[in-house]
Amino acid sequence: TIGMIVIHKTGHTAAGTSTNGLKFKIPGRVGDSPVPGSGAYADDTAGAAAATGDGDTLMRFLPSYQAVEYMRRGVDPTIACQKVISRIQKYFPKFFGAVLCANVTGNYGAACNKLPTFTQFSFMVYNSLKNQPTEEKVDCI
Amino acid sequence: PGPLPLVLNTWPFRNATEAAWRTLASGGSPLDAVESGCAVCEREQCDGTVGFGGSPDEFGETTLDAMIMDGTTMDVGAVGALRRVKNAIGVARKVLEYTTHTLLAGESATKFAESMGFVNEDLSTNASRALHSAWLARNCQPNYWRNVVPDASTYCGPYKPKPPGVSEQDGTTCKGTGDTHSHD
C-alpha cells in the first residue's frame, strides 16, 4: 500500500491511498485503504494522515482521522501518530501497522507498532528544504 | 513551522514522491499530486502491494482499493474491491469529481470506471498466478477463515460453519500474529 499526504504552500491539503490489499484474501474483502479516516484523511484546518498495515485491524480504529484530530488539538505530528499506534496496541499488541502524520505548518512525523519482524518504518519526504525525495525511518514503539 | 510544500508517502517508493512533487511544481493541485504519485506506484507495482499483478485473492484475482481526499472541501472519492481496472486512484478521483458518492465497490465500480473511459482488462500476471498456485499447493495457507469445517488451518475450502457446541477453533490463525508479509 502507498499512502500519500500532500500539503501545498498555500496550506491546502490532500491525501490518498492505493493498494492491491491482502494476499489470498477472501473474495470481496475490502481493507482499510479506501475508507476515509482509516487509509487516509485530510483537513486544511488541522492536517493530514495516512496508514498502512493489517487493514482488517486498522480500519476499526480510524487511525488517520484520529491522528488528525490529535493534531487539531495542537499535538505534535510524531506524538499524534504514536498515540494512535498505542491506542490500537492496547487491543491488538501484535498488529502490523504504521501511520504518517503532517500538520498544516508542514511539520511531520510517523509511528509504527514494533514486532520481531518490523522494528523500523521507512517513508519518503520531499519539502522545500530538500532538493530530492529523501527516505526517513522511525523506530517502532 | 516546517517548510511547505510537503509530500509524504509510506514506504520508500521514491518515484511516487518525485512524481507528486513534480506535479505540484508544475502548478498542479494537492489532489493532482496525490493522484499522480499513487498512479506511479500502480504502474510500477510498488513492492507488489500496489497495482495489478499482486495479492491475488482465493480465486486468484487481483482487486484494488484506493481513495483520494480533498482537505479543503472534505470531498472524497474511493473504490473498494475494484475489478479489472488498473488505475484505481484515477477511478477514485472520478468518483470524487463526477459523483456525490464517496465509495463505489466491486463489479459495479468497474462499470462506472468504463463509463469514465477506463480500460477493462485482466489484472493477473504470471507472478500473481504463480503466487496463487503456490498457495493452493500449500493447502491454502495462510487464509482468513475461522470456526469452520474443514479446519481452515489445515485444509482448503470450501468451508461451512462449524456445528454449534464444537470447541472453538483458535481465531488467531492470521489475526494479530504480526504477519508482516501480507498487509494493506
Side-chain angles (χ1 to χ4, degrees), chain A residues 1-9 11-28 30-34 36 39-44 48 50 52-55 92 94-96 98 100 102 105-108 115-118 122-129 133 135, chain B residues 1-14 16-18 20-21 24 30-31 33-34 37-38 41-42 46 49-51 54-55 57-59 62-72 76 78-81 88-89 102-103 105 135 142-144 176-180 182-184:
Chain A
T1 300
I2 182 167
M4 182 171 273
I5 294 168
V6 172
I7 305 184
H8 195 273
K9 58 180 180 284
H12 289 307
T13 63
T17 62
S18 184
T19 183
N20 52 35
L22 219 47
K23 277 202 284 278
F24 317 124
K25 53 186 170 289
I26 297 169
V30 174
D32 67 305
S33 298
Y41 196 73
D43 180 341
D44 285 8
T52 180
D54 170 6
F92 296 96
K94 296 197 281 185
F95 87 99
F96 174 56
L100 280 183
T105 65
N107 283 314
Y108 62 87
L115 296 171
T117 56
F118 185 56
S122 99
F123 58 97
M124 295 303 301
V125 187
Y126 206 157
N127 63 21
S128 49
L129 290 184
E135 181 180 354
Chain B
L4 294 177
L6 169 68
V7 174
L8 277 183
N9 63 261
T10 55
W11 309 115
F13 302 151
R14 179 180 300 271
T17 326
E18 182 80 58
W21 183 263
L24 277 187
L31 276 182
V34 168
C38 290
C41 262
E42 291 173 346
C46 288
T49 69
V50 187
S55 303
D57 65 16
E58 291 187 331
F59 296 160
T62 291
T63 57
L64 305 177
D65 297 339
M67 70 157 275
I68 190 164
M69 181 167 190
D70 181 334
T72 307
V76 176
V79 285
I89 191 75
T102 295
L103 170 60
W135 178 74
N143 61 63
Y144 298 91
T177 56
D179 176 3
T180 59
S182 181
H183 60 80
D184 291 284

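So you know, we letter chains A, B, ... as the sequences are listed, proteins then strands, and number each from 1.
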Quick check for you: among [options], which has the greatest number of heavy-atom pairs under 4.5 Å with chain B?
{"options": "A:T17, A:D32, A:L100", "answer": "A:T17"}
{"options": "A:D43, A:I2, A:T13", "answer": "A:I2"}
{"options": "A:G31, A:G55, A:P27", "answer": "A:P27"}
{"options": "A:A15, A:G16, A:G28", "answer": "A:A15"}

Any side-chain donor near an acceptor of the partner, A:D44 and B:T72, under 3.5 Å: yes
Part of A:A48 within contact of chain B (heavy atom distance under 4.5 Å):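 Contact with chain B is absent: no heavy atom of A:A48 under 4.5 Å.
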A:L129 versus chain B, the contacting section by heavy-atom distance below 4.5 Å: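 Both the backbone and the side chain of A:L129 come within 4.5 Å of chain B.
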A:T19 (side chain) donor-acceptor with B:T49 (main chain) under 3.5 angstrom: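 The answer is yes, because a donor-acceptor pair under 3.5 Å joins these two groups.
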Any donor-acceptor N/O pair, A:S33 side chain to B:D184 backbone, under 3.5 Å: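 No, because the side chain of A:S33 does not come within donor-acceptor range (under 3.5 Å) of the backbone of B:D184.
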For the candidates [options], which exhibits the highest count of non-hydrogen atom pairs separated by less than 4.5 Å from chain A?
{"options": "B:A20, B:G37, B:C41, B:P12", "answer": "B:P12"}
{"options": "B:D57, B:V50, B:L8, B:V34", "answer": "B:L8"}
{"options": "B:I68, B:V79, B:D65, B:V76", "answer": "B:D65"}
{"options": "B:P30, B:C38, B:A88, B:C46", "answer": "B:P30"}
{"options": "B:G51, B:A33, B:A105", "answer": "B:G51"}

Using 0.5 Å steps for rounding, measure from the [atom1] atom of [X] to the [atom2] atom of [Y].
{"X": "A:S122", "Y": "B:F13", "atom1": "OG", "atom2": "CZ", "result": "8.5 Å"}
{"X": "A:E135", "Y": "B:N9", "atom1": "CD", "atom2": "CG", "result": "10.0 Å"}
{"X": "B:T10", "Y": "A:M4", "atom1": "OG1", "atom2": "CE", "result": "8.0 Å"}
{"X": "B:E18", "Y": "A:Y126", "atom1": "CD", "atom2": "OH", "result": "5.0 Å"}

Looking at [X] and [Y], what are the two nearest heavy atoms and their distance?
{"X": "B:L4", "Y": "A:K9", "answer": "CB-CA, 3.8 Å"}
{"X": "A:L22", "Y": "B:Y144", "answer": "CG-OH, 3.4 Å"}
{"X": "B:S55", "Y": "A:N20", "answer": "OG-OD1, 2.7 Å"}

Side-chain touch [X]/[Y], heavy atoms, less than 4.5 angstrom:
{"X": "A:V125", "Y": "B:T17", "result": "no"}
{"X": "A:H8", "Y": "B:P5", "result": "no"}
{"X": "B:V7", "Y": "A:I5", "result": "no"}

Can you tell me which portion of [X] sits under 4.5 Å from chain A's heavy atoms? Options are side chain, backbone, both or neither.
{"X": "B:L64", "answer": "both"}
{"X": "B:T63", "answer": "both"}
{"X": "B:E42", "answer": "side chain"}

Whether B:W11 and A:F118 hold their rings parallel, tilted or perpendicular, with breakpoints at 30° and 60°: tilted
